[in-house]
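Inspection log for the structure reproduced underneath, given as C-alpha cells.
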Amino acid sequence: MNDFSQQKQEYSQLIQQVLDEAKHQGATAAEAAVGIETGLSASVRLGDVETLEYNHDKGLSVTVFVGQSKGSASTSDFSRQAIVDTVRAACSIARYTAADEFAGLADKALMAWDYPDLDLYHPWQVSSEQAIDLALECEATARDFDKRIINSEGATVSSHSAFRVYGNSHGFIGGYPTSRHSLSCSVIGEDNKGMERDYWYTMARNAADMESAANVGRITAERTIARLNPRSLSTRQVPVVFSAEMATGFFGHFISAIRGGSLYRRTSFLLDSKGKQIFPSWLQLAEQPLLKGAIGSAPYDGDGVRTQERDLVIDGVLQGYVLDAYAARRLGMQTTANAGGVHNLSVHTSDFGRDELLRRMGTGLLVTELMGQGVNNVTGDYSRGAAGFWVENGEIQYPVSEITIASNVKQMMLGIQAIANDINPHRNIRTGSILIDKMTVAGA
Amino acid sequence: MMTDSLQLARSLILEPGGLTESALAQTLSMLMSHGGVDDADLYFQVSRYESWSLEDGRVKDGSYGIDQGVGVRAISGEKTGFAYSDEINLSALNEAANTVKAISRQGQAGKAKVFGKMHSGHHLYEALDPVASMSDQEKIHLMEKLDKAARAIDPRVTQVMISMVGVRDVMLVAGADGTLAADVRPLVRLSVSVVAEQNGRREQGSSGGGARVGFGYFLDDDRAMSYAREAVRQALVNLDAVDAPAGVMDVVLGPGWPGVLLHEAVGHGLEGDFNRKGSSAFSGRIGEKVASELCTVVDDGTLAQRRGSLNVDDEGTPTQCTTLIENGVLVGYIQDKHNARLMGMAPTGNGRRESYSHLPMPRMTNTYMLAGKHTPEEIIASIDRGLYAVNFGGGQVDITSGKFVFSASEAYLVEKGKIIAPVRGATLIGNGPEVMQRISMVGNNLQLDTGVGTCGKDGQSVPVGVGQPSMRVDQLTVGGTST
C-alpha cells in the first residue's frame with residue numbers, strides 16, 4: 001500500500017519550486033500547499049452493487065503577499081508551466097488587492113519546526129470486493145431486522161487516504177499522511193401512517209476502530225423503526241435533551257460564534273465574551289489537537305503554527321477564542337493555531353449515560369434530528385425543524401416529528417443542566433447528550 | 001456562436017492532450033465490450049474561476065483557480081462504476097476506463113453507437129469568459145462603490161461584506177449511445193451582506209444576484225446598487241423585529257426566492273432516482289392529485305441566461321421545460337438518462353453533476369410555480385392572524401417522510417389583513433404533500449429569484465433557480481419563541 005514516501009519528497013520539492021517562483025515574481029512572502037487524496041467508495045442497495053467509485057484528487061494552492069497585499073490561486077496541474085502560471089495569477093491578484101496591515105504569514109517563531117507523529121494514517125487493505133461484501137452484510141442486517149423495513153437507500157463503505165504538504169517562506173515545510181474510513185447505512189420503514197427513513201454510520205482513522213457492519217445495520221434499523229408513526233406536539237415550553245450527535249452540532253454553533261472572523265466582523269452573538277460566564281459553572285471544555293489517532297488531530301494548523309492542548313472553557317468561563325494568525329492580528333491577540341478550525345473539542349461529561357439524563361429531565365423532548373439552517377450567528381436566535389421522542393417520567397413514550405424548537409443559543413448554553421457520557425470518540429467535537437432547561441416547541 | 005462553443009470545447013479540452021473523437025469512440029467501445037455494460041460516458045471539463053472579496057471598505061482578498069479532468073462512467077443494469085482523472089490525455093482516460101470496467105458482469109457484450117454530429121443544444125447564453133469580461137480594476141472599483149453606497153444609505157450600517165465570483169465552465173460529453181455534446185457555461189454572482197447596529201443590537205441583511213453572463217450584467221439596470229439597497233433594507237427591518245410567534249397559523253409567502261419552498265417540498269421528491277427507488281413521499285403517484293388545483297409547477301432549464309439554465313445537461317441532453325404538477329395533479333418527474341431508462345421514461349435534460357469528479361444525478365434547473373389570479377394585496381388582506389414571509393435563508397427536506405423546513409430571513413406578523421410588525425427567527429415546517437394541498441390562494445405576480453441559489457444533494461452542489469408568485473398556505477407550523 002502507498003505510504004506516500006515518494007510524494008513526500010516530490011511534493012516538498014514542488015512547494016519549494018512554488019515558493020521560489022513566487023519570490024522570483026516579486027512576492028515578499030508566500031505559502032503553498034499540495035495535497036493528494038485517493039480512495040474507494042462502494043455502495044450497495046437491495047442486496048446488489050449500486051456504485052463503485054474510485055477517487056483520485058490532487059491540488060496545489062498558493063498565497064502570495066506583495067508587501068501587505070495578498071493574492072491566491074490554485075491548480076490541479078503540477079507541470080512546471082502550470083506552477084509558473086498559477087503563481088503569476090496569484091501575483092496579478094495581489095497587484096489589485098488593497099494593502100492590509102494585518103496580512104501576512106504567522107510569526108516565524110510559532111511554526112511547528114518539529115512536530116510529533118500523531119498516528120493519523122492507517123491505510124486499509126480493502127479490495128472493492130471486500131468493501132462490497134461488508135456493505136452487503138450491513139444492509140442485509142438492517143433489512144432483516146424487522147418486516148416493517150420495506151426499502152433501503154443502501155449501505156456504503158469508503159476508504160480514503162490523503163497526503164498534504166504545507167510550506168511557507170519562513171522556511172517551514174511539513175507534511176503527513178492521514179486516513180479516514182467509514183461505513184454507513186440508510187433504510188426506510190413503513191407502517192400504515194407512512195414512511196420514515198433513518199441512518200447510522202461509523203467512521204475512524206483506523207478501520208479496526210470502526211463499529212462492525214452488523215452493528216451499524218442493526219442500529220440503522222432500530223433507529224428507523226423507532227421513528228414510525230410519529231405525532232406532532234402542541235406548542236409548549238419544555239426541557240430538551242439533544243442526543244450526542246445533535247449536541248455535536250450545538251457546540252458547533254458555539255465554536256462558530258467565537259471564531260476570529262465572526263469576532264472582527266462583529267457578526268457573533270458572543271462578542272467580548274472572553275473571561276465571561278457563558279456556560280454553567282460546572283462546565284469544562286478543552287481542545288486536544290495532539291490526541292493520537294483522533295479524527296480532529298493536527299500537529300500544526302493551516303498557517304503552519306504549532307498546535308497545543310488548551311482549556312477553552314473553565315468553570316463555564318470562556319478562556320479564549322478560535323483564531324488564525326490573520327484574525328488574531330486584527331483583534332490584537334495571539335493566534336490559537338485554529339486556521340482551518342478546532343481540533344478535537346472535548347467536553348467533560350458526567351459519569352452517567354443518556355437514560356439517566358432522560359430521568360433527570362423527567363418530562364420533555366429528546367431531539368435526535370434537526371433540519372434547516374435556522375441559527376443566526378449574529379443574534380444567536382435559534383429555530384430549527386426537529387424530530388425525536390416525547391419523554392415522560394424519564395421514559396420514551398412515542399416518536400415526534402414536524403415540530404420546531406426555538407430559543408437563543410446564548411440562553412441554551414447557560415441552560416445546560418447536565419451532559420451524559422455517551423461520547424463517540426471518533427468525532428471532532430466530543431460530547432455526550434445534553435439536557436437544556438427550556439425551549440419553545442411549536443407544532444400542530 | 002454555436003460553432004464557437006464547440007470549437008472552444010475542442011481546443012480547450014481535446015487538443016491539448018492530443019485526443020480525437022475517434023479516441024473517445026475507441027474508449028467507449030472498449031467499455032461496452034465488457035459483459036453486461038449497458039451504457040457508458042466520458043465527461044470532460046475545463047473550468048476556471050475567479051473570486052474577489054471586500055471587507056472594511058477594501059478589496060483585500062482574491063483568488064483564481066483552474067480545474068480540469070475527465071470522469072468515466074460505465075453502467076450495468078442498476079450498477080454504476082465510476083473513476084476520474086485530473087489529467088486529460090489518452091493514457092489517463094484508458095486508466096480510468098480500465099478501473100470502471102470492474103462493474104461489468106456476466107452478460108452480453110454491448111456496442112457503442114457511432115457518434116452523432118457534435119452539438120451544443122440550445123443557445124441560452126453566450127460562450128463567454130466572465131473572468132475576462134471586465135478588467136480587475138473595474139471589478140474592484142465596482143465593489144468599492146457598492147461598499148460606499150451601502151454605508152451612505154444609513155449610519156447604522158457598521159459592516160459591509162461583498163463578494164464577486166466568476167466562473168467559466170467548459171464541458172464535453174461523449175456517450176456510448178452516440179451522444180457528443182459540448183457547452184461553454186459562464187456564471188457570475190455578486191453578494192452583498194451588511195451588519196447594522198442600533199442600541200447595542202446587531203442584525204444582518206444580505207442580497208445578491210447572478211446569471212450566465214459577464215460581470216457587466218451587474219452594472220446594467222443599476223443591479224449591483226439594488227443589491228446593496230436591499231441588503232441594508234433587510235438589516236434595518238430586522239433591527240426592529242420582535243420575536244416570531246410559535247404555533248400553527250395561516251402564512252403568506254412572498255414572490256421570488258420563497259419558491260425555495262417548492263424546491264424543497266416538491267422538487268426533490270420528484271427527482272427520478274428517489275422515485276425509481278420508491279423512497280420519495282411522491283413515489284408511484286403520477287396521475288394523482290398531490291397539490292391544490294391552483295398549483296402548476298414546472299422545472300425549466302431553457303430560460304435565457306438564468307443561473308439554473310443549461311444548453312445541454314451533463315449527459316448531453318438538451319434541457320426542456322418539464323411540467324411536474326398541473327392544476328394539482330402530478331404529471332412528471334425530473335430525469336437523467338440512467339433513471340429514465342430504468343423507469344421506462346424519457347430523460348428530461350436534468351442529468352447534472354457538480355464536476356467531472358462526481359456522478360450525474362437527476363437535479364433541478366429552474367423550478368417555479370405559474371401565476372394565479374389574486375393580487376398580492378388581496379392575499380395579505382385575507383389573513384386574520386398569521387405570518388407574511390417575504391424572504392428566506394436555506395431549506396431542507398426529508399424526501400421520504402416529506403417533511404421540509406425553511407427559515408425566514410424577513411417576515412412580518414399579519415393581523416386582520418394588515419402587516420403589523422417584523423419578526424425574527426421564524427422557521428416554517430411542514431409535510432410537502434400536505435402543505436401543497438393547503439395552498440388556498442396564488443398571486444398574479446410570478447417572480448424568479450435574482451440568481452443566487454445553490455442546491456445540495458449527496459454532497460454535490462449545483463446552481464439552480466427558484467420562483468413563485470405570492471401564495472397563501474393555510475395552517476402551517478411557525479416555529480418561533482413567542483407563545
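Since the model is a prediction, treat every value here as computed from it, not as a measurement. To find a chain, count down the sequence lines: A is the first, B the second, and so on, and within it residues start at 1.
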Please round to the nearest 0.5 Å and tell me the distance separating atom [atom1] of [X] and atom [atom2] of [Y].
X        : Y        : atom1 : atom2 : answer
A:Ile405 : B:Thr481 : CD1   : OG1   : 13.0 Å
A:Tyr96  : B:His141 : OH    : NE2   : 14.5 Å
A:Asn151 : B:Thr400 : CG    : OG1   : 8.5 Å
B:Asp136 : A:Ser92  : CG    : OG    : 5.5 Å
A:Asp100 : B:Asp61  : CG    : CG    : 8.5 Å
B:Asp458 : A:Thr156 : CG    : OG1   : 9.0 Å

So which of [options] has the biggest tally of heavy-atom pairs under 4.5 Å with chain A?
options                               : answer
B:Ile399, B:Asp398, B:Leu54           : B:Asp398
B:Leu359, B:Asn238, B:Val100          : B:Leu359
B:Glu55, B:Glu144, B:Arg48, B:Met161  : B:Glu55
B:Glu87, B:Gln137, B:Lys79            : B:Lys79
B:Gly81, B:Pro245, B:Ser279, B:Gly425 : B:Ser279

With a 4.5 angstrom heavy-atom cut-off, which part of [X] approaches chain B: side chain, backbone, both or neither?
X        : result
A:Ala90  : neither
A:Ser69  : neither
A:Ile403 : backbone
A:Ser268 : backbone
A:Ala82  : neither
A:Ala386 : backbone
A:Tyr326 : side chain
A:Gln237 : side chain
A:Asn55  : both
A:Arg88  : neither
A:Arg95  : neither

If you count heavy-atom pairs within less than 4.5 Å of chain B, which of [options] leads?
options                      : value
A:Met371, A:Glu190, A:Met195 : A:Met371
A:Ile188, A:Thr267, A:Asp77  : A:Ile188
A:Met439, A:Arg197, A:Lys70  : A:Arg197
A:Val375, A:Asp48, A:Asn376  : A:Asp48
A:Asn408, A:Val441, A:Leu271 : A:Leu271
A:Ser74, A:Ser41, A:Gly443   : A:Ser74

B:Thr427 side chain to A:Ser383 main-chain N or O, any donor-acceptor pair under 3.5 Å?
-> yes

B:Arg202 side chain to A:Arg266 backbone, donor-acceptor under 3.5 Å | yes

Contact origin within [X] toward chain A - heavy atom pairs under 4.5 Å:
X        : value
B:Glu78  : both
B:Ser407 : side chain
B:Thr477 : side chain
B:Ala281 : backbone
B:Ile66  : both
B:Ser280 : backbone
B:Phe406 : neither
B:Tyr49  : side chain

Are there more than 12 heavy atoms of other residues, nucleotides or ligands under 6.0 Å from atom CD of B:Glu95?
-> no

Taking NZ, NE, NH1 and NH2 as the nitrogens, is one of them in [X] or [Y] under 4.0 Å from a carboxylate oxygen of the other?
X        : Y        : value
B:Arg73  : A:Glu53  : no
B:Asp56  : A:Arg265 : no
B:Lys277 : A:Glu153 : no

Contact between [X] and [Y] at the side-chain level, heavy atoms closer than 4.5 Å - yes or no?
X        : Y        : answer
B:Gln68  : A:Ser76  : yes
A:Ile93  : B:Tyr64  : yes
A:Asp381 : B:Arg424 : yes

Can you name the nearest heavy-atom pair linking A:Gly385 to B:Ile429, along with the distance?
-> CA-CD1, 3.7 Å

At their closest point, which heavy atom of B:Gly480 faces which heavy atom of A:Ala406, and how far apart are they?
-> O-CB, 3.2 Å

Start with the C-alpha distance between B:Lys60 and A:Thr97, add both sets of side-chain angles, then the distance that settles side chain to side chain contact (heavy atoms under 4.5 Å, CB included), and finish with yes or no.
-> CA-CA 5 Å; B:Lys60 295 190 292 194; A:Thr97 51; 5.5 Å; no

